[in-house]
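Presented below is the structure to which this report refers.
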Protein chains: 2
Amino acid sequence: MTGTTENQQAVRRSDATRAAILSAARERFASDGYERATIRAIARDAKIDPSMVMRYYDSKAGLFAAAVAIDPGLPDLPVEPREAIGRTLVSHFLTLWEENGELTALMRVAATDPAAAERMQSVLREQLIPLARQVGPEPEQAQARAALCASTVLGLALTRYVLRFPASMALGREEIVDWLGPTIQRYLTAPTP
Amino acid sequence: MTGTTENQQAVRRSDATRAAILSAARERFASDGYERATIRAIARDAKIDPSMVMRYYDSKAGLFAAAVAIDPGLPDLPVEPREAIGRTLVSHFLTLWEENGELTALMRVAATDPAAAERMQSVLREQLIPLARQVGPEPEQAQARAALCASTVLGLALTRYVLRFPASMALGREEIVDWLGPTIQRYLTAPTP
DNA sequence: CTGGACTGTCAACAGTCGTTGGCCTACAGT
DNA sequence: ACTGTAGGCCAACGACTGTTGACAGTCCAG
């Protein structure tokens, strides 16, 4: 056991270093992608030796996994009133992306790494499809409806946070909710066209 | 001059090799992204020596530029009837993406390479914004409307061709046009919400 | 005070990458 | 037939990568 207490969760002296590594890794992965974000560069940012990264996170893949571990927390969304679910979802996703830079990193990497793509898909499978089944008509169409919602939301994230199109970054938060809200609402609740 | 004819466009003996390199490069870039698609692997696929790639395309960057040179050809789209522009655009984009695998390669690379991202943005700037200015009300909002359309279409391409979400790949062509068509139509022609 | 575990540094390994230059072969123009 | 040039292969360079092991200082428990 380490630390000054006998608590089950020990406070290690290296926690600050671990956090510095993780923070630097998130920035580098988000801006450079997986391959171009080198362990040496991350270590330089965190002002430690590259070998420390290996000691604390085993490998580059392990570091990435730790850096993008995040929970979108969709299940806690208020489903009522049902006619506002579209705007609620869009608004929730906007804050999620703006608060967590690791989502940009995850998406940049997912573009070329199947494992990261699978991780993004799990959000759709475990959170968006159940939600579509819950609020939409014809539960057997929940897959299609959820896929459309994912494409809408991820499309905005792509042009705004990953590709950084000026025209997309210029959109105001309210503007986005006003335009995308009804779209999501229709995908989730409208009858099949 | 080379070749058996005196035409202004000489037929070089190496044209077959050039084409083989370009084809192999498109496949590798599309499936692996820029960094993981090595010149050695591309050369192996094309059954030639890696140094030939350098001879014909100068560098890896030059090869990539040649591999993703493509014209979306939006300007020739029929604008009439105006109430069908949404479905027309979606349908056009679908065939475009399904016929040209290099678009997937371009998007995969654009996720981490600013130059490729700029190239994607140029489509929006030079083709989508003018179209929005042409068919939509309030021309000063053409930027925002075009950005929303780009996010819609690229979002579908992302989930369907890049991330390959099963739920998105399961959507039929008609289904996509039926759902996304009205969305694009609204983004382009509806009054500001 | 002392031993051992923890935090950190340094140098090096083995592999891969893009890229280069030399060399051989085969074809085309004269 | 002869020769210059283009097509192609081979071996190697230098740089950079993830990863490893040996070594030094630091802290805490006994």
Side-chain angles (χ1 to χ4, degrees), chain A residues 1-25 28-29 31-67 105 109 112-113 115-116, chain B residues 1-25 28-29 31-67 105 109 112-113 115-116:
Chain A
M1 245 340 180
T2 331
T4 57
T5 78
E6 73 288 353
N7 286 348
Q8 69 276 17
Q9 190 60 24
V11 176
R12 280 158 310 194
R13 228 182 341 134
S14 61
D15 281 350
T17 306
R18 294 180 121 94
I21 294 177
L22 219 50
S23 163
R28 283 283 178 178
F29 281 134
S31 67
D32 296 345
Y34 188 79
E35 324 284 338
R36 310 179 65 159
T38 69
I39 290 203
R40 283 173 161 89
I42 293 172
R44 201 179 318 125
D45 289 355
K47 297 201 233 308
I48 44 93
D49 191 85
S51 63
M52 300 302 294
V53 178
M54 311 302 298
R55 190 194 288 280
Y56 292 139
Y57 297 98
D58 287 340
S59 68
K60 187 181 184 180
L63 172 63
F64 178 76
V109 174
T112 47
D113 183 70
Chain B
M1 246 340 179
T2 330
T4 58
T5 77
E6 72 289 352
N7 286 349
Q8 69 277 14
Q9 189 60 25
V11 175
R12 280 159 309 193
R13 207 159 22 109
S14 61
D15 281 351
T17 305
R18 294 179 120 93
I21 294 176
L22 219 51
S23 163
R28 283 284 177 177
F29 281 134
S31 66
D32 296 345
Y34 187 79
E35 323 284 337
R36 309 178 65 159
T38 70
I39 290 203
R40 284 172 159 91
I42 293 171
R44 200 179 319 125
D45 290 355
K47 296 201 233 308
I48 44 94
D49 190 85
S51 63
M52 301 301 297
V53 178
M54 312 302 297
R55 189 191 284 281
Y56 292 138
Y57 296 98
D58 288 341
S59 68
K60 187 180 184 180
L63 172 63
F64 177 75
V109 174
T112 47
D113 183 75

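Protein chains get the first letters and strands the later ones, always in sequence-line order, with residue 1 at the start of each. Below, all heavy atoms of this structure are taken into account, side chains as well, without hydrogens, waters or symmetry copies.
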For [X] and [Y], work out which heavy atoms get closest and say how close.
X	Y	value
A:M54	A:S59	CE-CA, 3.7 Å
B:F29	B:K60	CE2-CE, 4.3 Å
B:A25	B:A67	CB-CB, 4.4 Å
B:T112	A:R36	O-NH1, 4.3 Å
B:I39	B:P50	CG2-O, 4.1 Å
A:I42	A:I21	CG2-O, 4.0 Å

Nearest whole Å is fine: how far is [N] [atom2] from [X] [atom1]?
X	N	atom1	atom2	result
A:R44	D:dC16	CZ	P	11 Å
A:R36	D:dA15	CZ	P	19 Å
A:Y57	D:dG18	OH	C1'	17 Å
B:I42	C:dC17	CD1	P	11 Å
A:D58	D:dT20	CG	C1'	13 Å
B:F29	C:dG18	CZ	P	9 Å
B:L63	C:dC17	CG	C1'	15 Å
A:E35	C:dC17	CD	P	11 Å

Nearest 0.5 Å please: distance from the CZ atom of B:R44 over to the OG1 atom of B:T38.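 The OG1 atom of B:T38 is 6.5 Å from CZ of B:R44, to the nearest 0.5 Å.
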B:R55 vs A:R55, nearer the 5' end of DNA chain D by closest nucleotide: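 It is B:R55 whose nearest nucleotide is closer to the 5' end.
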For C:dG8, take OP1 and OP2 only and decide whether either is under 4.0 Å from a side-chain N or O of A:T17.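 Checking C:dG8 against A:T17, a side-chain N or O does come within under 4.0 Å of OP1 or OP2.
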Has B:Y34 got a side-chain atom pairing as donor or acceptor with B:A61's backbone, closer than 3.5 angstrom?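 Answer holds: yes.
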B:Y57 side chain vs B:R18 backbone, donor-acceptor pair below 3.5 Å: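 Yes, the answer is positive, given that a donor and an acceptor are paired below the 3.5 Å cut-off.
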Every protein N/O lying under 3.5 Å from an N/O of nucleotides 11-16 of chain C:
unit_1: C:dA12; atom_1: N6; unit_2: A:R40; atom_2: NH2; d: 3.4

Bracket notation of DNA chain C in which parentheses pair within the strand, [ ] cross earlier pairs, and | pairs with another strand (Watson-Crick or G-U, under 3.5 Å): ||.|||||||||||||||||||||||||.|
Which nucleotide sits closest to the side chain of B:M54: D:dG7, C:dT20, D:dT19?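 Of the candidates, C:dT20 comes closest.
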